[in-house]
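Structure, as structure tokens:
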Amino acid sequence: MEFISPDQYDQLTASEAVALQKELRTKINITALNIPIRFIGGADISFNKFEETVYAGIIILKYPEMIPVDRVSIVATTSFPYISGLLAFREIPALLKAWNKLDQKPDVMVLDGQGIAHERRLGIATHFGLLTDTPSIGCAKTRLTGTYIEPADNPFAESPLFHKHERIGTVLRTKLKCKPVFVSPGHKVSIEQSVAIIKNCTRKYRIPEPTRLAHLLVNDIRILHKENNIPPLF
DNA sequence: GCGACAG
DNA sequence: ATCTTGTCGC
């Protein structure tokens with residue numbers, strides 16, 4: 001059961017999805033990226049509750065200036081439900097469609113969700129990195145698994161995130177008096193490097209620019225698509 | 001069995 | 001995730 005393309009994720013049962021994660025786990029690489037980063041990408045999904053249509057987008061930014069240089073988006077449909085721990089199976093098919101529209105791939109990607117900070121080390125960022133063979137980082141707004149001590153209330157205060165005696169990521173306070181974010185390597189980047197990169201991508205908001213702008217992008221696309229589908233009042 | 005549970 | 005106005009703190 002090794003050759004399942006993302007196009008068929010919709011047909012998988014939760015049990016089969018878990019089996020696939022266990023196979024992919026053996027391919028994870030979290031050694032440090034040793035090439036200079038010039039461009040970084042941010043990806044996200046938006047959708048209307050109760051609907052199967054999803055809007056996926058990727059924005060590319062110059063690093064470390066955080067200046068947007070490109071963006072792509074697509075509209076797709078998904079039937080795989082949201083199940084904690086299996087988020088990738090719902091969002092990756094659409095994300096890959098957007099990825100394929102990119103003329104120039106970025107040096108590293110930031111995904112809205114966990115990397116290896118996952119029960120089977122296969123958060124969406126790790127899954128995406130493995131399928132595209134691209135360095136990736138997971139930056140989630142809340143915890144999925146793992147234990148940690150609350151980081152101090154200072155910008156960039158951080159504390160390690162553990163799971164079964166293993167270091168799986170970092171809880172990072174990106175902004176004073178705001179809840180911290182959960183940073184973990186996706187693929188081809190180290191734990192230390194993932195945090196350093198996220199810090200360099202942080203500006204005036206809690207969410208780092210790649211993911212923050214990707215979220216704004218897909219939300220705009222969703223609203224636009226909605227307007228073009230609503231019959232005009234007159 | 002109970003509680004937790006990315007987006 | 002999305003819905004949705006005001007409101008409390010800095």
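Note that the structure is a prediction, hence the values are computed from the model and not measured. Sequence lines set the chain letters: A, B, ... in the order given, protein chains first and strands last, and positions in each chain run from 1.
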**Request:** Please work out which residues in residues 115-154 of chain A have a non-hydrogen atom less than 4.0 Å from an atom of DNA chain B and list them by number.
**Result:** A:H118, A:G123, A:I124, A:A140, A:K141, A:T142, A:R143, A:L144
**Flag, side chain of A:D10 to backbone of A:S79, donor-acceptor distance under 3.5 Å** = yes
**Request:** Check the distance between B:dA4's C1' and A:F182's CZ and give it to me in whole angstrom.
**Result:** 13 Å
**Prompt:** Are any of A:N219's side-chain N or O atoms less than 4.0 Å away from OP1 or OP2 of C:dA1?
**Reply:** no
**Message:** Is the positively charged end of A:K141 above the ring of A:F182, judged by distance under 6.0 angstrom from the centroid and angle within 45° of the axis?
**Reply:** no
**Item:** Contact under 4.0 Å: A:R222 side-chain N or O vs C:dT2 OP1/OP2
**Value:** yes
**Asked** Just by distance, do the side chain of A:R173 and the backbone of A:N154 share a donor-acceptor pair under 3.5 Å?
**Response** no
**Asked** Counting only heavy atoms not in A:R38, do more than 12 fall under 6.0 Å of its CZ?
**Response** no
**Item:** Salt bridge flag under 4.0 Å for residues A:D153 and A:K177
**Value:** no
**Gap between atoms CG and P, on A:N48 and C:dA1 respectively (whole Å)** = 14 Å
List, with names and distances, any nitrogen or oxygen atoms from the protein found under 3.5 Å away from nitrogen or oxygen atoms belonging to nucleotides 4-10 of chain C.
none

**Item:** OP1 or OP2 of C:dC3 under 4.0 Å from side-chain N/O of A:K226
**Value:** yes
**Request:** Provide, to the nearest angstrom, the distance between the CD1 atom belonging to A:I45 and the P atom belonging to C:dA1.
**Result:** 12 Å
**Request:** Flag the pair A:H127 / A:F89 as yes when their ring centroid distance falls below 6.0 Å, and as no otherwise.
**Result:** yes
**Message:** Tell me if a side-chain donor or acceptor on A:R203 pairs with a main-chain N or O of A:N200 at a distance below 3.5 Å.
**Reply:** yes
**Asked** Atom CZ of A:R90 and atom P of B:dA6: how far apart are they, to the nearest Å?
**Response** 14 Å
**Prompt:** Would A:I168 and A:R121 satisfy side-chain contact (heavy atoms from CB on, under 4.5 Å), going step by step from the backbone distance to the final call?
**Reply:** CA-CA 8 Å; A:I168 58 173; A:R121 306 294 177 269; 3.5 Å; yes
**Complete:** Separation of C:dA1 atom P from A:I223 atom CD1, nearest Å, is 14 Å
**Message:** Rounded to whole Å, please give me the gap between CG in A:L161 and P in B:dA6.
**Reply:** 13 Å
**Request:** Convert the base pairs of DNA chain C into dot-bracket notation, remembering that pairs crossing earlier ones are written with [ ] and that bases paired across to another strand are shown as |; include only Watson-Crick or G-U pairs under 3.5 Å.
**Result:** ..........
**Message:** Consider side chain to side chain donor-acceptor pair (under 3.5 Å). Of A:D133, A:T31, A:N29, which one does A:K188 pass it with?
**Reply:** A:D133
**Asked** Would you say A:R71's side chain and A:I58's backbone share a donor-acceptor pair under 3.5 angstrom?
**Response** no
**Prompt:** Is the distance from OP1 or OP2 of C:dA1 to the nearest side-chain N or O of A:H215 less than 4.0 Å?
**Reply:** yes
**CD (A:E51) with more than 12 external heavy atoms under 6.0 Å** = yes
**Asked** Within this structure, what is the OH-to-C1' distance between A:Y82 and B:dC5, rounded to whole angstrom?
**Response** 6 Å
**Request:** Would you classify A:I92 as touching base, sugar-phosphate or nothing, given that sugar-phosphate means primed atoms plus P, OP1 and OP2, and contacts are heavy atoms under 4.0 Å?
**Result:** nothing
**Asked** Donor-acceptor pair, A:S136 side chain versus A:H187 backbone, under 3.5 Å?
**Response** yes
**Prompt:** Separation of A:Q21 atom CD from B:dA6 atom C1', in whole Å?
**Reply:** 12 Å
